Amino acid sequence: MPQREHSSAQATSYATESATQEGLDEIRRELGQDAVSTDVDDLEEHGFSEWSTSNTTARPRAVVRPSSTEEVSAIAKICTKYKIPMVPFGAGSSVEGNFSSPHSGICIDMSLMDKIVEFHPEDLDIVVQAGVNWTNLNEKIKVSGLFLPLDPGPTALIGGMIATNCSGTNAMRYGTMKDYVINLTVVLADGSVVKTRRRPRKTSAGYNLTALFTGSEGTLGIITEATLKLAIIPPKQSVAIATFPTVKDAAGAASDMIRGGVNLAALELMDDVQMKVVNSSGGAGGRKWEEQPTLFLKFSGTEQAIKDSIRAAKQVAKSSGCGSFTSATSEAEMESLWSARKQALWACLAVRPEGTEVWSTDVAVPISRMSDMIDECKGDAAKLGLFSSVLGHVGDGNFHQMIMYNPNKPEEKAAVKKVIDDMMHKALRMEGTVSGEHGIGIGKKECLLEELGPTTIGVMKSFKRSVDPHWLMNPGKVFDE
Ligand SMILES: Cc1cc2nc3c(=O)[nH]c(=O)nc-3n(C[C@H](O)[C@H](O)[C@H](O)COP(=O)(O)OP(=O)(O)OC[C@H]3O[C@@H](n4cnc5c(N)ncnc54)[C@H](O)[C@@H]3O)c2cc1C
């Protein structure tokens, strides 16, 4: 799908082909033949992403699958000896070219490290290996009444989720990944193993290294294990949807609900185009949807608390120009009403015209700026005359814009790029960020520089150099050397 090619400037010189080969032979001797794959399809899958807006032409030289922290440490030692770049890999669901391999090297696939190490329901925490998938985890522990409330792509693994500081629809109520990481076990580039903290829910002892590795996109080390906080599964949930004449009205109502203190578990927006797409891709939840900007609201708590919250939300919606407001009266209706939001991305891909690619990206702004921001971005994209849509976790001031374009038409591609660049500049002018949840990867390095400035990036680089002096960990991401 999206083929924005990216390169990356690099001062360090990496292993030659023969040195890489020697390194791989050494890894095979240490971990066994089966741990190293050079299968072409495997390399492609680990070096290119259909989901990602940015990709590179280079691919990893090999995919290595460790099954313990000790094996990860052995790999890192060998890679440091030969100066082979290392790119950690979870499920490959990230969308900013985060796991691409611009300098080739080896991809360290963590999926075999999928064990729950210790479960402490009485302490509301769990120790897991980095390769655990969050949906499997929640299924396994649901009898305890606890869950991990992050909901990124369904295939995502804990290591990748921490490395991107992911979130999702639940972030409004529960916060983002950083709020759930108690400690991390991380293998550094030279193979040394660090544990960032012990297991208390709070501490003020020493530097907060846990936070430093969270969101570092694999550029500082390889996360092998994590202790995570868990949340309590709410006793009841419900869902409502509200339609509005314009996206500005819908975003404005969202801000009013937040500022009015309406008790919401999630607050999502889909514009009229997204709603049309859901209908034309076969519908969702067995219903025909109004093709209007729509807010999706989730409520949780006791039955009475939910009733009160729905009433309060409806009141705000109506005073903000809401057309229809529908709340679920049964479990089945709740599923049905939420289904359009759940299927939004897949629905878009289903209707994508042949030969087009999707440019999809996210920003976040302070809540009070959100309706202006969304309105302006939607207006700019509409002028392109292409398919474009807005969908977002508006409860956090975070939204995604998706534009479909023909990559073989350079003028069209340049026009789309300008709209996306303008979106980034606008977000920064409104004191926002160029990435609410997808990270910087390979595609947004210039934007990050604009957001934080060279002095702040300089401090980040000096942290990186102190733990990765040869710049071997996921080089070419977040910022260049
Ligand atoms: C359909 C769909 C919906 C999505 N919805 C959301 C959403 O709502 N919210 C959201 O935040 N994201 C969303 N995403 C994006 C994606 O799911 C998240 O970014 C997720 O956290 C990535 O996890 P992963 O295991 O796939 O990581 P990968 O894509 O494999 O890797 C991501 C980054 O983390 C690094 N990494 C991976 N594992 C480790 C490790 N063990 N140690 C150190 N670094 C590591 C990689 O090098 C890379 O830089 C969505 C994606 C899809 C496809």
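Start at 1 and go down the list; that is how both ligands and their atoms are numbered. In this text the structure is predicted, and so the values were computed from the model without any measurement.
Proximity to Asp151 (heavy-atom distance under 4.0 Å) selects the following atoms of ligand 1: 8 (O). The contact set between ligand 1 and Leu157, taken as ligand atoms under 4.0 Å from a residue heavy atom, comprises 25 (O). Every atom of ligand 1 is numbered from 1 in the order shown, and the set under 4.0 Å from a heavy atom of His393 is 8 (O). Near Cys166, the atoms of ligand 1 lying under 4.0 angstrom from a non-hydrogen atom of the residue are 11 (O), 21 (O). Distances below 4.0 Å separate heavy atoms of Gly90 from the following atoms of ligand 1: 25 (O), 28 (P), 30 (O), 37 (C), 38 (N). Near Leu345, meaning under 4.0 Å from one of its heavy atoms, ligand 1 places the atoms 1 (C), 2 (C), 3 (C). Ligand-side atoms of ligand 1 in range of Ala130: 41 (N), range being under 4.0 angstrom from any heavy atom. Proximity to Ala163 (heavy-atom distance under 4.0 Å) selects the following atoms of ligand 1: 34 (O), 35 (C), 36 (N), 44 (N), 45 (C).
Residue nearest to atom 11 (O) of ligand 1, selected from Gly218, Pro152, Ser167: Ser167 (by heavy-atom distance). Residue nearest to atom 2 (C) of ligand 1, selected from Gly153, Gly168, Gly215: Gly153 (by heavy-atom distance). Selection from Ser93, Gly221, Ser111 by nearest heavy atom to atom 20 (C) of ligand 1 gives Ser93. Counting only non-hydrogen atoms, the option in Val95, Thr164, Asn170 that gets closest to atom 19 (O) of ligand 1 is Thr164.
Counting protein heavy atoms only, atom 23 (O) of ligand 1 is closest to Ala156 CB, 3.5 Å. At the shortest separation from atom 38 (N) of ligand 1 among protein heavy atoms lies Gly160 N, 3.4 Å. At the top of the distance list for atom 28 (P) of ligand 1, counting protein heavy atoms only, stands Gly92 N, 3.6 Å. Considering only non-hydrogen protein atoms, atom 24 (P) of ligand 1 sits nearest to Ala91 N, 3.5 Å. Here the protein heavy atom with the shortest distance to atom 31 (O) of ligand 1 is Ser94 OG, 3.8 Å.
No more than 12 heavy atoms of other residues, nucleotides or ligands lie within 6.0 Å of CD in Glu431, so this atom counts as exposed by the packing criterion. The number of heavy atoms from other shown groups lying within 6.0 Å of NZ (Lys342) does not exceed 12.
At distances below 3.5 Å, at least one donor-acceptor pair connects side-chain atoms of Thr164 with backbone N or O atoms of Gly160.
Look at Leu150 and you'll find every heavy atom at least 4.0 Å from all atoms of ligand 1. For Met110, the closest heavy-atom approach to ligand 1 falls below 4.0 Å. The shortest separation from a heavy atom of Gly439 to ligand 1 is not under 4.0 Å, leaving the residue out of contact. Within the structure, ligand 1 lacks Met177 among the residues with a heavy atom less than 4.0 angstrom away.
With a heavy-atom cut-off of 4.0 Å, Asn474 touches ligand 1 through its side chain alone. Counting heavy atoms under 4.0 Å from ligand 1, residue Ile223 touches it through both backbone and side chain. By the criterion of a heavy-atom distance under 4.0 Å, the side chain of His438, and not its backbone, is placed next to ligand 1.
The shortest N or O to N or O distance between Trp51 and ligand 1 is not under 3.5 Å. Ligand 1 has no nitrogen or oxygen under 3.5 angstrom from a nitrogen or oxygen of Thr169. Checked against a 3.5 angstrom limit, the closest N/O atoms of Phe99 and ligand 1 fall outside it.
Side chains of Gln274 and Ser389: a donor on one and an acceptor on the other come within 3.5 Å. A side-chain donor from one of Arg287 and Ser336 sits under 3.5 Å from a side-chain acceptor of the other. When only modelled atom types and interatomic distance are considered, Arg65 and Ser111 share no side-chain donor-acceptor pair under 3.5 Å. No side-chain N or O of Asn279 forms a donor-acceptor pair with one of Lys276 less than 3.5 Å apart. A donor-acceptor contact under 3.5 angstrom links the side chains of Glu71 and Ser67, judged on distance only.
Across all their heavy atoms, Val478 and Thr219 have their closest contact at CG2-CG2, 3.9 Å. Across all non-hydrogen atoms, the minimal contact from Val394 to Leu269 is CG1-CB, 3.7 Å. Between His393 and Gly168, the shortest heavy-atom distance links the atoms CE1-C, 3.8 Å.
Trp471 carries Lys464 over the face of its six-membered ring, with the cationic atom under 6.0 Å from the centre and within 45° of the normal.
Remark: Arg341 engages Glu268 in a salt bridge, criterion side-chain N to carboxylate O under 4.0 Å. Salt bridge Asp34/Arg28: absent, no basic N to carboxylate O contact under 4.0 Å.
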task: Please assess Phe463 against Tyr207 for the test ring-ring contact (aromatic ring centres under 6.0 Å, His included), listing each intermediate value before the final yes or no.
output: CA-CA 13 Å; Phe463 279 130; Tyr207 287 3; 8.1 Å; no

